[in-house]
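Count residues from 1 along the sequence. Note that the structure is a prediction, hence the values are computed from the model and not measured.
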Amino acid sequence: MTDHDLTITISVDKTSKEAYDAINNVRGWWSEEVKGGTEKLNDEFIYKARDLHRCTMKLTEVIPNQKVVWLVLDNYFSFTKDQTEWKGTKVIFEISEQDDKTQIRFTHQGLVPPHECYEVCSNAWAGYITGSLYNLITTGKGEPNPKES
C-alpha cells in the first residue's frame, strides 16, 4: 500500500469480534440495498446507490476478528468519465487492539487523489466509516443507505 491510498482509522470501546461482525453486516452500515453474501471467503455482493453508483465486490481475505478484504470486480459511477477507477482496487478492513480499544483501519487500496472520483468517494467513505460503521459498532445502529422503493 502506498501513503496515497485512502485510509481512515477509527477506535472503539468494543471487542474485535463486535467490530468484525459489524463490518460484515454491510447492510447495517453501507446500504440496505446490498444483494449477495458479505461474510465468507469468496462471497460476492452487489452495492447499488440509486443510479449514481453500482459495484460488485468479492471477499478475497477473511480472517475472523482481524481482517476483511473486498476486491472490486466491477464498478459504475454516473458522475465519472473513467469507469475503471475502482475496478481491481481493494477495500481493506484491518482490526487490532490498541491501548485497550479496538482499532479499525480502513484502506481503499487503489483509490488515489488523481482519480476523478477521489473527492466524492473519499468524503463518502469517511461518512460511512466514521459515522455509520462507527455507530453500528458502538450503538448497534448504523445509518446505511435505505432500500430504494
Rounded to the nearest 0.5 Å, the OG atom of Ser78 sits from the CD atom of Gln83 at a distance of 8.5 Å
Separation between OG1 (Thr60) and CD1 (Ile92), nearest 0.5 Å, reads 8.0 Å
- Query: Below 4.5 Å, heavy atoms only, C-beta onward: do Tyr134 and Val12 meet side chain to side chain?
  - Reply: yes
* Do any N or O atoms from the side chain of Glu44 and from the backbone of Leu59 form a donor-acceptor pair under 3.5 angstrom? -> no
Got Glu33 and Asn145 here, is their nearest side-chain heavy-atom distance under 4.5 Å?
no
Please tabulate, for the side chains in residues 65-75, all donor-acceptor contacts under 3.5 angstrom to protein atoms that are two or more places apart in sequence or on a different chain.
from	atom 1	to	atom 2	distance (Å)
Asp74	OD1	Lys87	NZ	3.3
Asn75	OD1	His53	NE2	2.8

Closest non-hydrogen contact found for Ala22 with Leu136 is O-CD2, 3.7 Å
Has the side chain of Asp43 got a donor or acceptor atom that lies under 3.5 Å from a matching backbone atom of Lys40? yes
Smallest heavy-atom separation, Thr102 atom then Ala19 atom, equals CG2-CB, 4.0 Å
Heavy-atom nearest pair, Tyr47 first then Ser31, reads CE1-CB, 3.5 Å
>> I'd like to know whether Tyr20 forms a side-chain contact (heavy atoms from CB on, under 4.5 Å) with Val62, so could you lay out the CA-CA distance, the side-chain angles of the two residues, the decisive distance to 0.1 Å, and finally the verdict.
In response: CA-CA 10 Å; Tyr20 174 82; Val62 178; 3.0 Å; yes
| Should Lys147 and Glu32 be marked as a salt bridge (charged side-chain N to carboxylate O under 4.0 Å, His left out) after you check the CA-CA gap, both sets of side-chain angles, and the distance that decides it? | CA-CA 5 Å; Lys147 269 197 181 278; Glu32 294 175 349; over 6 Å; no
When rounded to the nearest 0.5 Å, the distance separating CD of Glu61 from CG of Asn42 is 12.0 Å
Between Gly28 and Pro144, the two heavy atoms sitting closest are O-CD, 3.4 Å
Can you list the steps and then say if Trp86 with Cys55 is a side-chain contact (heavy atoms from CB on, under 4.5 Å)? CA-CA 9 Å; Trp86 271 34; Cys55 63; 4.2 Å; yes
Side-chain donor-acceptor contact under 3.5 Å, Asp82 with Thr80: no
Yes or no on side-chain contact (heavy atoms from CB on, under 4.5 Å) for Val26 and Phe45, after CA distance, side-chain angles and deciding distance? CA-CA 10 Å; Val26 180; Phe45 67 90; 4.2 Å; yes
- Query: Can Glu143 and Asn135 be counted as having a side-chain donor-acceptor contact under 3.5 angstrom?
  - Reply: yes
Q. Is a side-chain donor-acceptor pair under 3.5 Å present for Tyr76 with Asp51?
A. no
Here the side chain to side chain donor-acceptor pair (under 3.5 Å) pairs for residues 113-126, sequence neighbours left out, are His108-Trp125
dist Ser16:OG -> Gln103:CD (nearest 0.5 Å) comes out at 12.5 Å
| field | Under 3.5 Å donor-acceptor, Ser132 side chain and Trp29 backbone | value | yes
- Task: Report yes if the side chains of Thr107 and Leu6 come closer than 4.5 Å at any heavy-atom pair, otherwise no.
- Result: no
In this structure, CZ of Phe93 is separated from CD1 of Ile95 (nearest 0.5 Å) by 9.0 Å
Query raised in the report: Do the non-hydrogen side-chain atoms of Ile46 and Val34 ever get within less than 4.5 Å of each other?
Result: no
dist Phe79:CZ -> Leu52:CG (nearest 0.5 Å) comes out at 7.0 Å
Handout entry: side-chain contact (heavy atoms from CB on, under 4.5 Å) between Ile104 and Ile137, worked out
Key = CA-CA 11 Å; Ile104 298 98; Ile137 296 167; 3.9 Å; yes
Exactly one candidate in Lys48, Arg50, Arg54, Lys35 meets salt bridge (Lys or Arg N to Asp or Glu O under 4.0 Å) with Glu148; the answer is Lys48
